[in-house]
Number of protein chains: 2
Amino acid sequence: MFAQAATAQTLNIPFGAGRHRAEPRRTPASFSPDQPHQVVFYDANEEIYAQGEQASALYQVEFGAVRLYRLLADGRRQISAFHIAGEVFGFEADGQHHFFAEAVGHAGIRVFRQPASETNWRQTLDAALAALVRAQEHLLVIGRQNAAERVAAFLLDMMERQNSDREVQLAMSRTDIGDYLGLTIETVSRTFSKFKSRGLVRLANTRTVEVIDVGALRAMCD
Amino acid sequence: MFAQAATAQTLNIPFGAGRHRAEPRRTPASFSPDQPHQVVFYDANEEIYAQGEQASALYQVEFGAVRLYRLLADGRRQISAFHIAGEVFGFEADGQHHFFAEAVGHAGIRVFRQPASETNWRQTLDAALAALVRAQEHLLVIGRQNAAERVAAFLLDMMERQNSDREVQLAMSRTDIGDYLGLTIETVSRTFSKFKSRGLVRLANTRTVEVIDVGALRAMCD
DNA sequence: CGCCTCATTGATTCTACTCAATTCGGGTGG
DNA sequence: CCACCCGAATTGAGTAGAATCAATGAGGCG
């Protein structure tokens, strides 16, 4: 589906360098490493790991964004989560990954080998529980909310994770948003247009959303 | 919505007693306690804990089934997971529960106070990761599969968790199944009827499903 | 036996999907 | 600098699938 980019470049840089924005809620302020680690740079749409691959590390987004997803045989895709700067992902069970992970755009990912240990289990568990709560909350959005409510919830979530109270920078395409929200690209686009015509948002460009009426969006999703 | 049952009765009984069936896959064979624990009995639809409640324990189903769910302001409900005998639930983040937990029918729940510790973090993490994988897989079902595929996936999941290769005992009502699969009760019922008329399943009664053609169900959900 | 809840079935509506046609925006090359 | 190109996004028309509204049927319990 996506062109495979060149091999990721790796580079050892000080922990925390290149961080783009403040830490999001519900994620540990920093993921304590108890072993050597490095930052790997990925091009847009480049694979970080594949479903079924043997798991060997945890990952923390340094800059950019990552999508985790799963596919059906006929190509239908469900993105289970986006991860942005500061967030930890790459949890496995049974010793293998159950999902694909790809860079959304150019991204830097810090890699931690030897995931959970005696000294970092608390951080690992916290990050896993945060991911669990997120996933279960997302189930409510996808299972019981309509298109407008889903898009509103998505924008509010992005605002919060970017510590913004107006403008949201979308790292991902409409297709990605659709596959995250369980909608088609057309429905996502129509919903954005509807929000625009109602004066709830303004679109500087397709990737930049200025939220005018936060209250109205909040009211939509309880 | 549901009648509140009488206060749960508690009783100290030996660990493992009263277990109804074999352990499901992806769950530790037993959740090692490093402190005193007890089994609490709940009536059907009785609340185990509420959203927003301060979290203080982990729980393991001894017998019966539990539903975890979340509500929208207008009453729409999404069940994020069912848990049956042997499974651990009750994870929290930020020190509080983000969901409601209720007994589906009469159920016995083993309560572990003081959740994660130096000695049991591995089991806790494994159980949390199993729940995370389950939740993310369920996102694919709800986000990208149609009604028939959702019901087929549900039946196969239940078969596997009950270690059955024919008959599935459903602990929950059609309403519960609908709220789990993001469908209405009518759509769930129609889908069961369609499966029945196609010879894929037989319904001894509304809660007992005999799966005739496992392969056909498998083929539906890839 | 009758009541009450849950489940099934039917008729109709409506939301989001599908298919299709432009439009937009960013990048490239003349 | 501008014209062109290509993928992404938007918009439109028609359709399909699940929701809604409504009526009937089946168990379980007092």
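Residue numbers begin at 1 in each chain, while the letters A, B, ... track the order of the sequences. FYI, side chains are in, hydrogens and waters are out, and symmetry mates aren't considered; it's all heavy atoms of this structure.
As rounded to whole Å, 11 Å separates atom P of dC17(C) from atom CG of D179(A). Protein atom CG of L203(B) is 15 Å distant from nucleotide atom C1' of dG25(D), rounded to whole Å. A straight line from CD1 of I142(B) to C1' of dA18(D) spans 15 Å, rounded to a whole angstrom. Atom CZ of R207(A) is separated from atom P of dG7(D) by 16 Å (rounded to the nearest Å). To the nearest angstrom, P of dA19(D) lies 11 Å from CG of L181(B). Residue Q145(B) contributes atom CD, which lies 17 Å from atom C1' of dC17(C) at whole-angstrom precision. One interatomic measurement links the two molecules: CG of N205(A) to P of dG26(C), which rounds to 6 Å at whole-angstrom precision. Here dT5(C) presents its C1' atom at 12 Å from CG of N45(B), a figure rounded to the nearest Å.
Between G143(A) and I142(B), the closest heavy-atom pair is CA-CG2, 3.6 Å.
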Pair F91(B)-F99(B), ring-ring contact (aromatic ring centres under 6.0 Å, His included): steps then yes or no: CA-CA 10 Å; F91(B) 306 107; F99(B) 299 89; over 10 Å; no

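Note on G178(A): nothing from the nucleic acid sits closer than 4.0 angstrom, heavy atoms only. Counting any heavy atom pair closer than 4.0 Å across all strands shown, N146(B) reaches sugar-phosphate atoms only and no base atom. Residue T184(B) is classed as a base contact, given a heavy-atom separation below 4.0 Å to a base.
Between Y180(A) and H138(A), the ring planes are parallel. Angles under 30° get that label, and only those over 60° would be called perpendicular.
R198(B) and D213(B) are not joined by a salt bridge, as no carboxylate oxygen comes within less than 4.0 angstrom of a charged side-chain nitrogen.
Taking a 4.0 Å limit (strictly below) on heavy-atom distances, residues 185-201 of chain B reaches DNA chain C at E186(B), S189(B), R190(B), S193(B).
In this structure a side-chain-to-backbone donor-acceptor pair under 3.5 Å is present from R150(A) to L181(A). Listed for the N205(A) side chain is a donor-acceptor partner under 3.5 Å among the backbone atoms of T208(A).
Within the model, atoms CG of L155(A) and CZ of F195(A) stand 7.0 Å from one another, a figure rounded to the nearest 0.5 Å.
Mapping S173(B) and A204(A) onto DNA chain C via the closest heavy atom, the residue that lands nearer the 5' end is S173(B). If R144(A) and T206(A) are placed on DNA chain D by their nearest nucleotide, the residue sitting closer to the 5' end is T206(A).
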